[in-house]
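So the structure is just underneath, and the comments pick up after that.
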Amino acid sequence: MSEAQTRPVVTRFCPSPTGNPHVGMARTALFSWAYARHHGGKFVFRIEDTDASRDTQESYDLLIDVMRWLGLDWDEGVEVGGPDGPYRQSERMDIYAEVAQKLIDAGFAYKAYDSPEELEERRNAARAAGKPSGYDGAHRDLTPEQQAAYEAEGREPVIRFKMPQKDWTFTDLVRGEITFGAENVQDFVIVRANGQPLYTLTNPTDDAMMGITHVLRGEDLLSSTPRQIALYEAFAEIGIGGGFTPEFGHLPFVMGTGNAKLSKRDPESNLLDYKPKGFLPEGLLNYMALLGWSIADDRDIFSIAEMVEAFEISAVNANPARFDIKKCEAINGDHIRLLPIDELVERLQPYFVDAGLFGTGGPTPEQLSLLTSAAPLVHERMALLTEAVAMLNFLFVDDAEFVINDDDRAKSLDDSGLDVVRTARGALADLGEWTAESIEAALRGALIDGMGLKPRLAFGPVRVAITGSRISPPLFESVELLGRERTLARLDAVL
RNA sequence: GCCCCCGUCGUCUAGCGGCCUAGGACGCCGGCCUUUCACGCCGGUAGCGCGGGUUCGAAUCCCGUCGGGGGUACCA
């Protein structure tokens, strides 16, 4: 058992703040988070913003917002601090410079002066000869004189890490034992000629210094693992980090359309869209967990707490999963149905504000009371919270702005439909008690018993007249909530 | 080219040599319920990439092959 396995678990999430946060990223964060929580460990949130040309503050802010919305809390990292900060790589540049120098001083790294053209030429030659195309180690053992000669030419060196010549075998947490032959893992650049440290150095340096025990990341990083392990072994020699090498687990990609992983091109990849579309964080989380993991063979709806309780990285599937928005919505619908009514009312309010149905300050007491009464009517009718706005619009919209869908009007409010509305109006006009029960009794009596209509034909026209659509919440309850005055006005309006 | 990973219904998955005439979920198609739409319930559709082994027995193990993906950067 490795030392990383016997220590308290520390995992991390370390995105680069470029563009909008996406689903693949969140799934990786979720698994790392769940692993730490399951083992009672710590979760670190670090930002890898070493590429000033692509990183933006806006993207950073979005990342924070989205993690908070999802509820993936972190014990150490940006915004909250911790003992191993700072947690933005842009603020750690001096650390990387120092680490690079130590590696050189201890003989683990060296300056290489090959020009890009020379490298490419040799790479092509190696490839043509059927050999691996990585760095050939030409400048591995340059004498001080040779180095001086290159410097005299005006060449700026990169710093390369000197890979020990041995095979690399490690046990991936999701894939099992993996081996890379010595000849396939060559010396790699850790600092650019312009002095900028590369991901290859900054990421392992921070993981080591922050005591990360389990590195869970995308499978695109699988083949760079031997290099990181080698770096860790060197770190142990020069006193950086805790002196141990973490365990690695490479998560499968989340696929979009075609055979490519989910990218900006796929509309469902943008995490920022989920909240406005009406997804619940717990619904999205549940769905993302299903991309590569399952809680049981006959179950796929669970809470985040249940996921934490059951999550094991070894149970994660190694093959890529395709994102299916339909299933994601279905699962979201199940989570909506799991919400207590008062909680649903709470979550619904921002959407009514956004739709302009409530003022920006939130609902008036009357509106809140109406929403509370109406919420049960739509609870089982939506997969997305935004659907409630469409279904309940007729109750909250100003009467002057109430409109009836043209198609529905044409289909339901023809001459016979208007006869029905007229009769319904008469039956409701001086109804004593205004409740769903009495309304149903009055309408059934007048339209079904009185006119001899089938329920569908009897209630359809009334439904369209008062809700504006052939599809609506249950009619009698809707009429009750709309109130006598407004109901009669809407019936009159179509006659 | 070289290296690595992956391969069960359309999709997500269960399956770790016999419980599999392969289970669940989403989707889709029927039906029931029903004032519309949903929910719920019932039923159906559809899969172990291929070929060899090993074994009494293979979706499960081995080899090969094909397919897909990733890496091979002074990207991450």
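Each chain gets a letter, A, B and so on, in the order its sequence line appears, and its residues count up from 1.
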- Task: Please say whether the positively charged group of A:R227, taken as NZ for Lys or CZ for Arg, lies over the ring of A:F161, i.e. under 6.0 angstrom from the six-membered ring centre and within 45 degrees of the axis.
- Result: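 Not flagged: A:R227 not positioned over aromatic ring of A:F161.
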Remember a base hit wins even if backbone is also touched, and classify [X] as base, sugar-phosphate or nothing at under 4.0 Å, heavy atoms.
X	value
A:Y199	base
A:R160	sugar-phosphate
A:A321	sugar-phosphate
A:P474	base
A:G292	sugar-phosphate
A:R322	sugar-phosphate
A:G134	sugar-phosphate
A:K131	base

Mind checking the [atom1] distance from [N] to [M]? Whole angstroms is fine.
N	M	atom1	value
B:rU13	B:rA73	C1'	37 Å
B:rC50	B:rA58	P	15 Å
B:rG47	B:rC12	P	16 Å
B:rG1	B:rU45	C1'	45 Å
B:rC3	B:rC62	C1'	22 Å
B:rG31	B:rC37	P	13 Å
B:rC26	B:rU65	C1'	33 Å
B:rU60	B:rG52	P	14 Å

Distance below 4.0 Å between [X] side-chain N/O and [N] OP1 or OP2:
X	N	answer
A:N319	B:rU8	yes
A:R456	B:rU34	no
A:R123	B:rA73	yes
A:R217	B:rA76	no
A:S133	B:rG1	no

- Assess whether side-chain contact (heavy atoms from CB on, under 4.5 Å) is satisfied between A:L290 and A:I331, documenting all intermediate values. CA-CA 10 Å; A:L290 256 16; A:I331 286 184; 3.3 Å; yes
